[in-house]
Amino acid sequence: MTSAEGTIVKGVGGNYYISAGDRIIECSARGRLRRELAPTVGDRVSINIGRDGTGSIEKILPRRNCLIRPSVANIDILLVVCAAASPEPDLGLLDKLLAIAACKDIEGVVCVNKTDLVSDAGSITDVYRRAGYRTLTACAKTGEGLDEICGLIKGKTVAFAGLSGVGKSSLLSLVTGRSLEVGDVSRIERGRHTTRHVELISAHGGYVLDTPGFSRLEVEGIKAQELRLLFPEMKKMEGQCRFRGCTHTAEPDCAVISAVEKGEIAASRYDSYKEMYGVLKGIKEWEEKK
Ligand SMILES: Nc1nc2c(ncn2[C@@H]2O[C@H](COP(=O)(O)OP(=O)(O)O)[C@@H](O)[C@H]2O)c(=O)[nH]1
Ligand SMILES: [Mg+2]
Ligand SMILES: [Zn+2]
């Protein structure tokens, strides 16, 4: 028996596929382990490998972070994809995904795909670059931006997120060289009662994965009072308002509100902040009344 360390790339019906070096080893998880903390795709694990070549997961190494739906651990980068057109960009959703990423200590990177459909895709990337994010433009039709996406992946686990139809699967197919299903597969799959498994795909010295449905993600984990620290352009201004702990919503002499008025902070970003703040505050007050 030998032991090794690796990464769970896929889990199917109680079996786990562990990438260790250049091998994929099929493993089971000990019952005790499964009861304490279910092994999750993305987990770093130590395994024992038997003579028959299959193994068992002995230990899950500490997680850096964990997303819930889909269940996946240790994401380094959330590539938030939108389309320049078709579907129209949903900046509120982008902002929400970026805040969730920040809350989980995941770097959010903005990717505007389908640049072939508009004459100027730069207006969206401008907003996010000025807010402090890495951004890129891409086109799955022409291959634009592909090198940049591949460059992000080396040594990292990159999750692709965004509305259905923005081109995640198309870009992932280009990046991995695997033909992934393009188009609205979720509807077909629901009809066929098939289950979709999360899978890390090895590419360019790292891993990528799709997160279909992740756009409907809720913001439960975030505290209203901490939201402002998840917007980098607001975090940067922490301490500049008249009141300590200013929520930047209605306080007098608020540096953030005045930056919005001067156009230094994008109005769309501030609107998203206020919208999310209201939702989080509502959730909290409702919970307190219970
Ligand atoms: N014009 C154009 N169409 C694209 C581009 N990328 C993807 N598409 C199309 O957009 C549709 C949705 O793409 P898909 O990859 O399935 O999006 P997903 O739902 O985010 O995975 C498909 O018909 C693709 O062929 C692009 O860069 N330009
Ligand atoms: Mg898809
Ligand atoms: Zn303020």
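One-based numbering, in listed order, for ligands and for the atoms of each. Atom set for the values below is all heavy atoms of this structure, side chains included, hydrogens, waters and symmetry mates excluded. These numbers come from a predicted model, not from an experiment.
- Close N/O approach between Ala138 and ligand 1 is not found [any backbone or side-chain N/O within under 3.5 Å].
- Set against the non-hydrogen atoms of Ser164, the atoms of ligand 1 under 4.0 Å away are 19 (O).
- Annotation: Arg244, atom CZ; neighbour count of heavy atoms from other residues, nucleotides and ligands within 6.0 Å does not exceed 12.
- Annotation: side chain of Thr157 is not in contact with side chain of Thr7 (no heavy-atom distance under 4.5 Å).
- Put simply, the side chain of Lys10 does not reach to within 4.5 Å of the side chain of Ile24, judged on heavy atoms.
- Taking every heavy atom of Lys141 and a limit of under 4.0 angstrom, the matching atoms of ligand 1 come to 1 (N), 2 (C), 3 (N), 26 (C), 27 (O), 28 (N).
- Under a 4.0 Å heavy-atom criterion, Leu163 is in contact with ligand 1.
- Near Lys168, meaning under 4.0 Å from any of its heavy atoms, are these atoms of ligand 1: 15 (O), 17 (O), 18 (P), 19 (O), 20 (O), 21 (O).
- Relative ring orientation between Phe231 and Tyr273 is described as perpendicular, the plane-to-plane angle rising above 60° on a 0-90° scale split at 30° and 60°.
- Ser169 lies close to the Mg ion (ligand 2), since one of its N, O or S atoms is found at a distance under 2.8 Å.
- The two residues Leu78 and Leu97 make their nearest non-hydrogen contact at CD2-O, 3.7 Å.
- Residues Pro252 and Phe243 have side chains in contact (heavy-atom distance under 4.5 Å, counting atoms from C-beta outward).
- Annotation: protein N, O or S atoms under 2.8 Å of the Zn ion (ligand 3) (waters excluded) comprise Cys241 SG, Cys246 SG, His248 ND1, Cys254 SG.
- Applying the salt bridge (Lys or Arg N to Asp or Glu O under 4.0 Å) test between Glu233 and each of Arg130, Arg228, Arg129, Arg269 identifies Arg269 as the sole match.
- Contacts between Val166 and ligand 1, counted as non-hydrogen atom pairs separated by less than 4.0 Å, involve both the backbone and the side chain.
- Heavy-atom neighbours of Asp147 CG from other residues, nucleotides or ligands within 6.0 Å: at or below the threshold of 12.
- Heavy-atom contacts of Cys139 reach the following atoms of ligand 1: 27 (O) (cutoff under 4.0 Å).
- A salt bridge is defined here as a Lys NZ or Arg NE, NH1 or NH2 lying under 4.0 Å from an Asp or Glu carboxylate O, and Asp271 with Lys274 fails to meet this definition.
- Among the atoms of Lys114, some N or O lies under 3.5 angstrom from an N or O of ligand 1.
- Residues Val279 and Lys96 form no side-chain contact, since every pair of their non-hydrogen atoms from C-beta on lies 4.5 Å or further apart.
- Using a 4.0 Å cut-off between a side-chain N of Lys or Arg and a carboxylate O of Asp or Glu, Lys156 and Asp76 do not qualify as a salt bridge.
- Interface of Asn113 with ligand 1, defined as ligand atoms under 4.0 Å from a residue heavy atom, comprises 5 (C), 6 (N), 27 (O).
- With a 4.0 Å heavy-atom cut-off, ligand 1 is reached by no atom of Asp210.
- Closest heavy-atom approach to atom 18 (P) of ligand 1 among the candidates Gly165, Ser173, Gly143: Gly165.
- Enclosure of atom CD in Glu275 is not indicated, since only 12 or fewer non-hydrogen atoms of other residues, nucleotides or ligands lie within 6.0 angstrom.
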